[in-house]
Amino acid sequence: MQIQAPRGTRDVLPADSFRWQYLESKMRQAAALAGYREVRTPVFEHTELFLRGVGDTTDIVQKEMYTFKDKGDRSITLKPEGTAGAARCFLEHNLYAEALPCKMYYLDAPIFRYENPQSGRLREHHQFGLECFGAQEATADAELILLAYHLLEELGIRNLKVKINSIGCPKCRPAYHRTLKDYLADRLDGLCEDCRERFDRNPLRALDCKERKCRELTKDAPSMLDLLCDECRAHFEELKGCLDSAGIPYTVDSRIVRGLDYYTKTVFELITETKDGSLTVCGGGRYDNLVGEIGGPSLPAVGFGMGLERVLMLLEGEGITLPEPRWYDIFITYMGSHRADAFRLVQALRAEGIRADLDHCGRSLKAQFKYANKTGAPLTGVIGDEEAAAGAVKIKNMATGEEQTVTAQDAPALIRQIIQ
RNA sequence: GUGGGUAUAGCGUAGUUGGUUAACGCGCCAGAUUGUGGCUCUGGAGAGCGUGGGUUCGAGUCCCACUACUCACCCCA
């Protein structure tokens, strides 16, 4: 059997890569506008980082990581999310000793999760993520939500829903945990297996469980929002105030708790409603304990991740066409014996910054034109006996059919003038 | 990890109750137009039917397994 790409992975073909490049440029722009600069971290990290950072009770760590031993007997894991690596990098290079906050973004970061693939869900996908280290105020949370919202909106994605919640901090969450556990303890037998297992260490997950019986049983469960400490409550109120003043629609959903353990206070998701259900394109929140958890100073931070494949999928679903750059400015055709002239001209044009090419397949003049037409080149050049003798090229405008002969020296200027 | 659907040339499909050299559209190549594309016409190349087994005189058509795709659950971006 022919070798195929591994399950749950996708190739981006030359004809489609411009879509990615377009997204990338928009994302870089949005990030730069808010003071975020790019960071690039390894595709794999020590497994330990994710055990401590992401949390060893999470589904991601328990059943979805690509973990293996390298030849030095180290346990290595392909990044299952972006934040832990960024935090490790921040810490390792003592960036906390420099001016804070430290704002960074990553783009096209490959993320690996061993899941059952389906629409909008791959084993390798790519994220655009922002992290802001050292900022505790809610304005930092708000600017991230707004940045994500405006970016998606600008790209043309409709029906965007913003959901926010606060899941408290180490001061108030234990009390809530106890309250919730008391509530759940009476109903433990009715919960699904996963929720029963997570009951001790992470009872919050039960609120987010999709099992009907769990949903039913937790319908009237106490809400974290009612038990936030003063600090968390004030923080959440300020966040809502920021979003209100920015005028974006959002809803408070006390059931979103996210699948990663490091979150504190703010958690949020950007969701779109498509014909077959809702899809989360962006998710994030505050993680004031992560840096400390992995051995650094106690330092607040907030961030989000956005799935590029999902964004692309939504754009396609909405029939949005992205601007496709021109492949060639001009395609130089030639008669039988003048290939060398065509080659020299193409090299000269490229040196002038003009996207030019010639036939490398020994095709007839007619076939060369057909090919030129297929590439969408706005211009073609012909070098036949007459042109070759005169050191010239006949340039044709493919849209109008107009032709004019110029010397090779004058060609770049003319070409530039026409394609303006 | 669990359950359902699908698997025929590069792509999209047709293949009747299993029966001779597997069909069509698009795409590709060539010609009509030996210095010129897009339209049209003509011709051509290209699959032995996901892989491996089985049933049968005979299987793309039936059965089993595997793989992949897909959908739902789960989880998430």
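In the text below, chain A, chain B and the rest are named by the order of the sequence lines, each starting its count at 1. What you see is a predicted model; the values in this text were computed from it and never measured.
In terms of position along RNA chain B, the nucleotide closest to A:Gly8 lies nearer the 5' end than the nucleotide closest to the other residue of the pair A:His125 and A:Gly8. If A:Gly284 and A:Arg7 are placed on RNA chain B by their nearest nucleotide, the residue sitting closer to the 5' end is A:Arg7.
Counting any heavy atom pair closer than 4.0 Å across all strands shown, A:Arg123 reaches no nucleic acid atom. Within 4.0 Å (heavy atoms only), A:Glu386 reaches at least one base atom of the nucleic acid. A:Gly129 comes within 4.0 angstrom of nothing in the nucleic acid, heavy atoms only. In this structure, A:Val281 reaches the sugar-phosphate backbone alone: every heavy-atom distance under 4.0 Å involves primed, P, OP1 or OP2 atoms, never a base. Base contact: A:Leu122 has a heavy atom under 4.0 Å from a base atom. Within 4.0 Å (heavy atoms only), A:Ser119 reaches sugar-phosphate atoms of the nucleic acid but no base atom.
Between B:rC64 and B:rG48, the two P atoms lie 25 Å apart (nearest whole Å). B:rC62 and B:rU8: their P atoms are spaced 14 Å apart (whole Å). For the P atoms, the distance linking B:rU16 with B:rC74 amounts to 39 Å, nearest Å. Separation of the C1' atoms belonging to B:rA9 and B:rU2 is 36 Å when rounded to the nearest angstrom. Here, B:rC69 and B:rC26 have their C1' atoms 22 Å apart, quoted to the whole Å. Rounded to the nearest Å, the gap between the C1' atom of B:rG15 and that of B:rU61 is 9 Å. Distance noted for atom C1' between B:rA45 and B:rG18: 31 Å (whole Å). To the nearest whole angstrom, the two C1' atoms, one in B:rC11 and one in B:rG27, are 7 Å apart.
None of A:Ile330, A:Ile332, A:Leu414, A:Asp329 except one satisfies the side chain to side chain contact (heavy atoms under 4.5 Å, CB included) rule with A:Leu379; the exception is A:Ile330.
Contact between the side-chain N/O atoms of A:Arg113 and the OP1/OP2 oxygens of B:rC75 is not found at any separation under 4.0 Å. Taking only side-chain nitrogens and oxygens, A:Arg121 never comes nearer than 4.0 Å to OP1 or OP2 of B:rU70. Under 4.0 angstrom from either OP1 or OP2 of B:rA72 there lies at least one side-chain N or O belonging to A:Gln118.
Between A:Tyr149 atom OH and B:rA77 atom P the separation is 20 Å, expressed in whole Å. What separates CD of A:Glu403 from C1' of B:rG35 is a distance of 9 Å, to the nearest Å. A straight line from CE of A:Met313 to P of B:rU70 spans 11 Å, rounded to a whole angstrom. Per the geometry, CD belonging to A:Glu115 stands 9 Å off P belonging to B:rA77, to the nearest Å. Rounded to an integer number of Å, the gap from A:Asp59 CG to B:rC74 P is 11 Å. Straight-line distance from the CE atom of A:Met335 to the P atom of B:rU34: 10 Å, rounded to whole Å. Going from atom CG of A:Asn116 over to atom P of B:rU67 covers 12 Å, rounded to whole Å. Whole-Å rounding puts the A:Glu81 CD to B:rC75 P distance at 18 Å.
With a 3.5 Å ceiling on both atom-pair distances, B:rG38 lacks any Watson-Crick or G-U wobble partner. Shown here, B:rG1 forms a base pair with B:rC73; the pair counts as Watson-Crick or G-U wobble because both key distances fall under 3.5 Å. With a 3.5 Å ceiling on both atom-pair distances, B:rG46 lacks any Watson-Crick or G-U wobble partner. With a cut-off of 3.5 Å on both Watson-Crick or G-U wobble distances, the partner of B:rG18 is given as none. Nucleotide B:rU6 has B:rA68 as its partner under the Watson-Crick or G-U criteria, with both atom distances under 3.5 Å.
Residue A:Glu387 places a side-chain atom within donor-acceptor reach of the base of B:rG35, judged by atom type and a 3.5 Å distance cut-off alone. For A:Arg310 against B:rC76, a side-chain-to-base donor-acceptor contact under 3.5 Å is present.
Checked by atom type, the side-chain pair A:Tyr287/A:Glu131 shows a donor-acceptor distance below 3.5 Å. Residues A:Glu143 and A:Tyr36 bring a donor and an acceptor atom of their side chains to less than 3.5 Å of each other. For the 3.5 Å distance criterion, the side chains of A:Tyr334 and A:Glu387 fail to qualify, holding no donor opposite an acceptor. Side-chain contact check for A:Lys79 and A:Thr41: at least one donor-acceptor pair (N or O, by modelled atom type) lies under 3.5 Å.
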Which pairs, protein N/O on one side and nucleotides 37-41 of chain B N/O on the other, fall under 3.5 Å?
| from | atom 1 | to | atom 2 | distance (Å) |
| --- | --- | --- | --- | --- |
| B:rG37 | OP1 | A:Lys366 | NZ | 3.3 |
| B:rG37 | N7 | A:Lys396 | NZ | 3.1 |
| B:rG37 | O6 | A:Met398 | O | 3.4 |
| B:rG37 | N1 | A:Met398 | O | 2.4 |
| B:rG37 | N2 | A:Asn373 | ND2 | 2.8 |
| B:rG37 | N2 | A:Met398 | O | 3.1 |
| B:rG37 | N3 | A:Asn373 | ND2 | 3.0 |
| B:rG38 | O4' | A:Asn373 | OD1 | 3.3 |

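Annotated as syn: B:rG48, whose glycosidic dihedral is within 90° of 0.
The existence of a salt bridge linking A:Arg121 and A:Glu115 is confirmed by a sub-4.0 Å separation between a basic side-chain nitrogen and an acidic carboxylate oxygen. A salt bridge links A:Arg416 with A:Glu352: the closest approach of a Lys/Arg side-chain nitrogen to an acidic carboxylate oxygen falls below 4.0 angstrom.
Set against B:rG31, B:rC76, B:rA68, the side chain of A:Gln4 has B:rA68 as its closest nucleotide.
When all heavy atoms of A:Ala372 and A:Thr380 are compared, the pair lying nearest together is CB-CG2, 3.6 Å.
Here CZ of A:Phe133 is found 7.5 Å from OG1 of A:Thr83. Values are rounded to the nearest 0.5 Å.
A cation-pi arrangement is found for A:Arg123 relative to A:Tyr114, the charged atom lying closer than 6.0 Å to the ring centre and inside a 45° cone about the ring normal.
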